[in-house]
Amino acid sequence: MSMTAAQLAAAIPKTELHIHIEGSLEPELIFALAQRNGLSLPYDSVDALRAAYAFTDLQSFLDIYYAGASVLLREADFHDMAWAYFLRARADNVVHCEIFFDPQTHTARGVPMATVINGLSSACDRAQAELGISTALILCFLRHLSEEDAFATLEAAMPYRARFIGVGLDSSEVGHPPSKFSRVFARCRELDLRIVAHAGEEGPPAYIWEALNDLKTERIDHGVRSLEDPALVAELAKRRTPLTVCPLSNLKLCVVDDLKHHPMKRLLDAGLCATVNSDDPAYFGGYMNANFVQTVEALGLSREDVVTLARNSIEASFVNEARRGELMALLDSAID
Ligand code: ADE
Ligand code: ZN
């Protein structure tokens with residue numbers, strides 16, 4: 001009995017490289033944390049909150065995403081949010097995750113950096129110990145805020161330097177090009193932080209060039225608009241720069257009008273190191289397997305495509321070579 005490509009996608013061990021932990025906060029948990037912290041929400045019920053998840057673009061999502069994150073106050077809140085994500089990841093056969101967090105969303109509300117990082121990092125330790133999932137944290141700067149604010153955030157995170165492996169750049173893309181943060185990322189490179197950035201989600205290919213050349217990113221988050229610039233596609237292929245693509249996010253934020261028109265197949269056919277990820281799964285209708293299976297079905301991807309996507313993700317991850325070998329071996333034995 002051979003599996004379909006979609007069944008194979010669901011069954012194989014996978015790596016997730018683009019998940020905003022605040023985007024894993026399910027409406028039920030938002031309400032539970034609000035109650036635990038004595039906060040009131042501008043929605044009467046879980047259903048009323050979920051009904052507000054009808055996005056027209058990135059900003060319409062971000063407004064609700066930042067409001068949802070405002071229920072996070074204590075270390076246990078950050079831990080519980082991340083632990084709930086790891087249980088979902090386990091259920092989808094995810095064996096390694098690199099997790100974005102947005103400290104400025106919390107420090108701006110008076111939550112100490114220590115609270116954010118200690119809560120997330122204890123959940124990461126627990127995921128390794130209890131679920132066998134390897135993890136890493138990536139601190140993201142909010143690009144709608146200033147360079148000065150990003151520098152202050154980096155400074156505040158320095159006592160916890162050992163708890164995160166890299167930095168990223170997220171939030172409202174258009175009007176906030178990567179070059180706005182060239183000096184911050186230069187400093188991050190001096191600190192031996194791994195470098196990624198969101199680019200080419202809503203923004204133009206020029207932003208992807210800037211992420212590569214000014215920030216010196218090792219991966220591009222999203223990057224779906226790269227296909228508009230053949231010279232850029234050639235450069236990404238030559239450098240083998242991974243793209244962390246998030247199909248259900250692209251659908252829900254109206255980057256594509258139908259999953260059948262999603263560029264994933266074209267990215268693969270162009271020889272790019274494209275990967276599948278969930279971005280903000282509580283808001284976009286699904287975790288890793290939902291993204292993988294729906295993309296495979298909408299685009300008619302083959303089992304070979306599925307294996308390529310899974311391998312790309314292992315290749316693109318920031319694990320050490322020993323763990324990379326383990327992840328490849330796990331995948332190989334699942335395919336046999
Ligand atoms: N923050 C959370 N999700 C994001 C996305 N898809 N793009 C930019 N910033 C984000
Ligand atoms: Zn993202």
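Remember, it's 1-based here, ligands and their atoms both numbered in the order they're listed. Nothing here was measured: the structure is a model prediction, and the numbers come from that model.
Among all protein heavy atoms, the one lying closest to atom 3 (N) of ligand 1 is Asp280 OD2, 2.7 Å. In terms of protein heavy atoms, atom 9 (N) of ligand 1 is closest to Ser171 N, 2.8 Å.
In this structure, the side chains of Leu236 and Leu212 come closer than 4.5 Å at one or more pairs of heavy atoms. Looking at heavy atoms from C-beta onward, Thr295 lies out of side-chain contact with Lys265 at the 4.5 angstrom threshold. Within the 4.5 Å cutoff, the side chain of Leu215 has no heavy atoms near those of the Glu210 side chain.
Below 30°, between 30° and 60°, or above 60°: for Phe55 and Phe284 the angle between ring planes is above 60°, a perpendicular geometry. Relative orientation of the His198 and Phe100 rings is tilted, given thresholds of 30° and 60° on the angle between their planes. Between Tyr283 and Tyr65, the ring planes lie perpendicular to each other; the angle is over 60°, past the 30° to 60° tilted range.
Side chain of Asp102 to backbone of Gln104: no donor-acceptor contact under 3.5 angstrom is found. Using modelled atom types, one side-chain atom of Arg161 and one backbone atom of Leu191 make a donor-acceptor pair closer than 3.5 Å. A donor-acceptor pair under 3.5 Å links the side-chain atoms of Lys216 to the main chain of Asn213, judged by distance alone.
Distances from ligand 1 to the non-hydrogen atoms of Asp221 include no value under 4.0 Å.
Listed by atom number, the atoms of ligand 1 under 4.0 Å from Phe61 heavy atoms are 2 (C), 3 (N).
Of all the heavy atoms of Glu201, the ones lying under 4.0 Å from any atom of ligand 1 belong exclusively to the side chain. Within the 4.0 Å heavy-atom criterion, the part of Tyr65 lying near ligand 1 is the side chain and not the backbone. Proximity of His222 to ligand 1, defined as any heavy-atom pair under 4.0 Å, is confined to the side chain (atoms from C-beta onward).
Residue Asp279 has at least one N or O atom closer than 3.5 Å to an N or O atom of ligand 1.
The side-chain tip of Arg109 does not point at the ring of Tyr66 from less than 6.0 angstrom away and within 45° of straight on.
Any protein N/O/S atom under 2.8 Å from the Zn ion (ligand 2) was counted, giving 4 altogether.
Of the listed options His20, Arg143, Gln59, His20 places a heavy atom closest to atom 4 (C) of ligand 1.
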